[in-house]
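A short write-up of the structure that comes next.
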Amino acid sequence: MQYWLFKTEPDAFSIDDLAARPNQTEHWDGIRNYQARNFLRDEVKQGDKVFIYHSSCKEVGIAGLAEVVKEAYPDHTQFDPESHYYDPKSSPENPRWVMVDVTFIEKFPDVLALKKIKTMPEISEVGLVKKGHRLSIMPVNEQEFSALLAASR
DNA sequence: GCCAACGTTGGC
DNA sequence: GCCAACGTTGGC
């Protein structure tokens, strides 16, 4: 099993929104970055644990935990001309973008602030605190996962 | 809203 | 295949 961090803007979709979905499950659509896509397509597996990270908001940081319940399948929004995520260069025969389904596990009592994460000695290798913190799907190793989870609860 | 850092595009 | 221009992300 592997660990991940998925970014979301809570104004658009938050940990509370995930918890409020039917079966507390939702598809993670709209990933339009090749590196993130490759993670989703090739490495994100059923049962993997996922930190839900809130970005571009008041309380930036890790807000909760989710689990992958369905592995990569075509992201339908890429075929919808009305969608913000429409990609005219993609086709159903040869889909360019994929998504996975995640289900809610828990919301942390407080958001684990990015500021605090940056002070944690265990977390020097997470993409969040290194250069290029722009990836919306990033791996988290087991040691980092444990440290972040312990700091969140 | 600023701006640095990064990804993507497209002309050559 | 290079690289400048442009667009986007995301913390502050």
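Within every chain, numbering begins at 1; the chains are lettered A, B, ... in the order of the sequence lines, protein sequences first and strands thereafter.
In this structure, A/K107 fails the cation-pi test against A/F104, since its NZ or CZ atom is not both closer than 6.0 Å to the six-membered ring centre and inside 45 degrees of the ring normal.
No single ILVMFWY cluster, assembled from side-chain heavy atoms under 4.5 Å apart, contains both A/V98 and A/Y85.
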Determine, stepwise, if the pair A/M138 / A/W4 fulfils side chain to side chain contact (heavy atoms under 4.5 Å, CB included). CA-CA 6 Å; A/M138 67 180 76; A/W4 302 94; 5.9 Å; no
Passes side chain to side chain contact (heavy atoms under 4.5 Å, CB included), A/R96 versus A/Q78? Steps please. CA-CA 8 Å; A/R96 176 178 294 190; A/Q78 69 194 305; 4.0 Å; yes
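Using cut-offs of 30° and 60° for the angle between ring planes, the A/H76 and A/H27 rings count as perpendicular.
In this structure, A/W28 has its ring center closer than 6.0 angstrom to the ring center of A/F6.
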With a cut-off of 3.5 Å and sequence neighbours excluded, list every side-chain donor-acceptor pair involving residues 52-63 of chain A.
| residue | atom | partner | partner atom | Å |
| --- | --- | --- | --- | --- |
| A/H54 | NE2 | A/I15 | N | 3.2 |

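Here the range on DNA chain C touched by chain A, meaning any atom under 4.0 Å from one of its heavy atoms, is C/dG7 to C/dC12.
With the end axes of the helix from B/dG1-C/dC12 to B/dC12-C/dG1 each set by five pairs, the angle from one to the other reads 10° at 10° resolution.
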